[in-house]
Amino acid sequence: MESLSPAGIGPAGIVPQPSKSPLRSSSSGTWMASAQQPIQSLRTTGSKSLRICAEQKASGCSSIDFSDPDWKTKFQEDFARRFAIPHLKDVFPDAPAFPSTFCLKSRAPPPVLEDFAGVYPSDEKWNGYINNNDRVLLKVIHYSSPTSAGAECIDPGCTWVEQWVHRAGPREEIYFKPEEVKAAIVTCGGLCPGLNDVIRQIVITLEIYGVKKIVGIPFGYRGFRDDEISEMPLSRRVVQNVHLSGGSLLGVSRGGPSIPEIVDSMEEKGINMLFVLGGNGTHAGADAIHNECRKRQMKVAVVGVPKTIDNDILHMDKTFGFDTAVEEAQRAINSAYIEAHSAYHAIGVVKLMGRSSGFIAMQASLASGQIDICLIPEVPFNLHGPHGVLTHLKHLIETKKSAVICVAEGAGQNLVQQTNAKDASGNVVLGDIGVHIQQEIKKYFKEMGVAADVKYIDPTYMIRAVRANASDGILCTVLGQNAVHGAFAGYSGITVGICNTHYVYLPIPEVISYPKVVDPNSRMWHRCLTSTGQPDFV
Ligand SMILES: Nc1ncnc2c1ncn2[C@@H]1O[C@H](COP(=O)(O)OP(=O)(O)O)[C@@H](O)[C@H]1O
Ligand SMILES: O=P(O)(O)OC[C@H]1O[C@](O)(COP(=O)(O)O)[C@@H](O)[C@@H]1O
Ligand SMILES: [Mg+2]
């Protein structure tokens, strides 16, 4: 594995503050944060100090002894180990490296590898490669106190600790000969704007390296075992215009074969580069495939590209499709607004996606400026009672004559009937909070004898099916290209992402250890509250 030893300490002029945290250390000085508590319960308490706990649990550092003068160095060493990206050389120490075939400067169109007789046209003087030791800073804010909005602290004093992750991009040395590569692409889980853009860029970039055998595995992991489904040959010509429409050229699915079955199929098909586009579940699968390939001593690169409009993957500024989803949600919100404002005493309700994370609902509410009440899974609320949503709605109808609510699908699950059902991937099937809110509003106003018209819009699948907008188009392009660069560089069990506007490689387990959620103490949620003007509903 490639890792970087911990570097410098902090930005000039910023002195770590002494601890003001209410959390206590034991007599031995060891940090006593309760790592047993589940992240969700820690996060919903709203306590700053517990936020530190959550970070500790996430980073596996609950046993840090902060009285040890070297704790910071030890933390950074541990961090570098955790965020090291697995490389083929971990398993095949003698794996030969070759000069890269990805050299835009000296590339003749299109590369004909046979012409190079084993010596690829790498240009050492070209500064277009990424050095393996290049790093990107994962966190860029120095919170001087755990009480700062959104503070993520490692120790009670919120000491500045640099956390470096690996920079993505083409390397000068590659570990696969393009003519020996058979690359496969698979898209799993639900649809997401931009899937076709990523597929397209992966294919185009593979071809630039000189790969001739590129296939798509239809309908997610399912396509690896279903005899009815055969692999789809891909080329620049096939994918040229696919980004002009939404969906996935390859199709998607949930559930599917076991990991050994998938790897058996990869062996049968001769696949030695696998690009996996999907969310948390898909990435868990990709990491398991990577480990199974290692166990079987297969020289294979497995690289993920995070796909989820819910934006619930850790450590990334955003995942592709999220921006588009927020933009598309504006149409639904605007319709609800127009309906609500045109009818007498009307309330518009829009349900947006977000299984456990309210990012789309929050950002769409912020972007539209038309929302009076935004409800997300991370922030508990009551419908009834003096501080409930319904009381506030009554106030809005009395004063504004209309109101618009935006609710994330995972919000208020304690208020709706649970089915205990799971989908084919094992995800809990949620109760319909949108329909529930609609019914409760109707009942509430009817019982009061006040006229109220409720217009309910669920644009879920309309949002997911659209093509990527310009910003997501660019993100997909970079992520798709970087996925190929990562695989050729010999990395496996990694995923690609954008971190503080820079592009990075991250080890898969670190990005899926739990779903990223909206921090109710973050500035963004506070901005959303400022914008809607809604009170607390508890
Ligand atoms: N823990 C897991 N290990 C291996 N494969 C998984 C795991 N969780 C989900 N999968 C597989 O990943 C695919 C996509 O998972 P799903 O949860 O539906 O979507 P997403 O990847 O968007 O979260 C499915 O084929 C599912 O069977
Ligand atoms: O109806 P489906 O296809 O199961 O998808 C619904 C789910 O898809 C999502 O949009 C995204 O889920 P994935 O990231 O797992 O694809 C969730 O918000 C939603 O619960
Ligand atoms: Mg999922």
Side-chain angles (χ1 to χ4, degrees), residues 186-195 198 217-226 229 246-248 250-263 265 274-293 302 304-314 316 318-322 324-326 328-329 351-362 364 376-377 407-411 413 419 421-434 458-466 493 495 508-509 511-518:
V186 63
T187 56
C188 313
L191 285 183
C192 177
L195 280 166
V198 177
I217 305 296
F219 300 111
Y221 287 139
R222 205 171 276 273
F224 274 110
R225 253 297 156 243
D226 197 326
I229 306 174
S248 166
L250 303 174
V252 291
S253 72
R254 300 196 190 271
S258 68
I259 298 301
E261 281 176 317
I262 292 173
V263 179
S265 170
L274 178 63
F275 298 97
V276 184
L277 282 52
N280 285 292
T282 307
H283 274 71
D287 199 49
I289 293 169
H290 154 76
N291 286 321
E292 180 69 18
C293 289
V302 182
V305 183
K307 164 246 59 161
T308 162
I309 59 171
D310 292 1
N311 197 30
D312 58 359
I313 305 277
L314 291 167
M316 295 171 190
K318 60 181 178 180
T319 45
F320 76 80
F322 173 69
T324 308
V326 170
E328 192 61 20
K351 186 180 77 169
L352 297 176
M353 280 189 165
R355 211 192 282 278
S356 50
S357 312
F359 288 104
I360 302 180
M362 176 178 73
I376 60 172
V407 58
E409 65 172 331
Q413 284 300 300
T419 62
K422 296 206 168 157
D423 69 15
S425 293
N427 300 306
V428 172
V429 175
L430 300 173
D432 196 329
I433 185 67
D458 180 351
T460 295
Y461 295 112
M462 299 185 73
I463 287 176
R464 226 168 54 165
V466 302
T495 194
I508 290 176
V511 302
I512 56 167
S513 49
Y514 57 89
K516 183 172 84 174
V517 292
V518 172

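Computed from a predicted structure; not experimentally measured. Ligands are counted one by one from 1 in listed order, and the atoms in each one are counted from 1 as well.
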Mark yes or no for whether Asp287, through its side chain, and His283, through its backbone, hold a donor-acceptor pair below 3.5 Å. no
Please report which non-hydrogen protein atom sits nearest to atom 26 (C) of ligand 1, along with the residue it belongs to and the distance in Å to one decimal place. Ser425 OG, 3.4 Å
With heavy-atom distances below 4.0 Å as the criterion, list the atoms of ligand 1 near Asn427. 16 (P), 17 (O), 18 (O)
Should the pair Asp310-Lys516 be classified as a salt bridge under the 4.0 Å nitrogen-to-oxygen rule? no
Please answer whether the main-chain N or O of Leu352 pairs with a side-chain N or O of Glu409 as donor and acceptor at a distance below 3.5 Å. no
Heavy-atom donor-acceptor pair, Arg254 side chain to Asp423 backbone, under 3.5 Å: no
Assess Gly190 for proximity to ligand 2: is some non-hydrogen atom of it under 4.0 Å away? yes
Of Pro257, Gly256, Ala284, which has the heavy atom at the shortest distance from atom 2 (C) of ligand 1? Ala284
N or O pair under 3.5 Å between Arg464 and ligand 2: yes
Identity and distance of the protein heavy atom lying nearest atom 1 (O) of ligand 2: Tyr461 OH, 2.4 Å
For Ile262 versus Pro257, what's the shortest heavy-atom pair and its separation? CG1-CG, 3.8 Å
Using a 4.0 Å cutoff against the non-hydrogen atoms of Lys307, which atoms of ligand 1 qualify? 22 (O)
Can a donor-acceptor pair be found, under 3.5 Å and without considering hydrogens, that links the side chain of Lys307 to the backbone of Gly190? yes
Ligand 2 atoms nearer than 4.0 angstrom to some heavy atom of Gly354 are 18 (O)
Side chain of Thr187, backbone of Gly251: donor and acceptor closer than 3.5 Å? yes
For atom 6 (C) of ligand 1, what is the closest protein heavy atom, and at what distance to 0.1 Å? Gly281 O, 3.3 Å
May I ask you to decide if Ala325's main-chain N or O and Glu328's side chain share a donor-acceptor pair within less than 3.5 Å? no
Out of Leu191, Thr282, Leu277, which residue meets the side-chain contact (heavy atoms from CB on, under 4.5 Å) rule with Val252? Leu191
Whether Thr308 lies under 4.0 Å from ligand 1, heavy atom: no
Could you tell me whether Ile309 and ligand 2 have an N or O pair separated by under 3.5 Å? no
For atom 21 (O) of ligand 1, what is the closest protein heavy atom, and at what distance to 0.1 Å? Thr282 OG1, 2.4 Å
Below 4.0 Å, non-hydrogen atoms only: which portion of Asp423 touches ligand 1? Side chain, backbone, both or neither. neither
Which ligand 1 atoms are under 4.0 Å away from a heavy-atom of Gly279? 20 (P), 21 (O), 22 (O), 23 (O)
Is the backbone N or O of Leu250 less than 3.5 Å from a side-chain atom of Ser248, with the two atoms forming a donor-acceptor pair by type? yes
Would you mind finding which of Glu409, Arg355, Met353 brings a heavy atom closest to atom 10 (O) of ligand 2? Met353
Do you know which two heavy atoms are closest between Lys422 and Val429, and how far apart they sit? C-CG2, 3.8 Å
Below 4.0 angstrom from a heavy atom of Gly285, which ligand 1 atoms are there? Numbered from 1 as shown, please. 3 (N), 4 (C), 5 (N)
So which protein heavy atom does atom 2 (P) of ligand 2 come closest to, and at what separation? Arg254 NH2, 3.5 Å
Any atoms of ligand 1 less than 4.0 Å from a non-hydrogen atom of Gly255? List them with their elements. 24 (C), 25 (O), 26 (C), 27 (O)
Under 3.5 Å, side chain of Thr319 to main-chain N/O of Thr308, donor-acceptor pair present? yes
Which of the numbered atoms in ligand 2 are under 4.0 angstrom from any heavy atom belonging to Thr308? 14 (O)
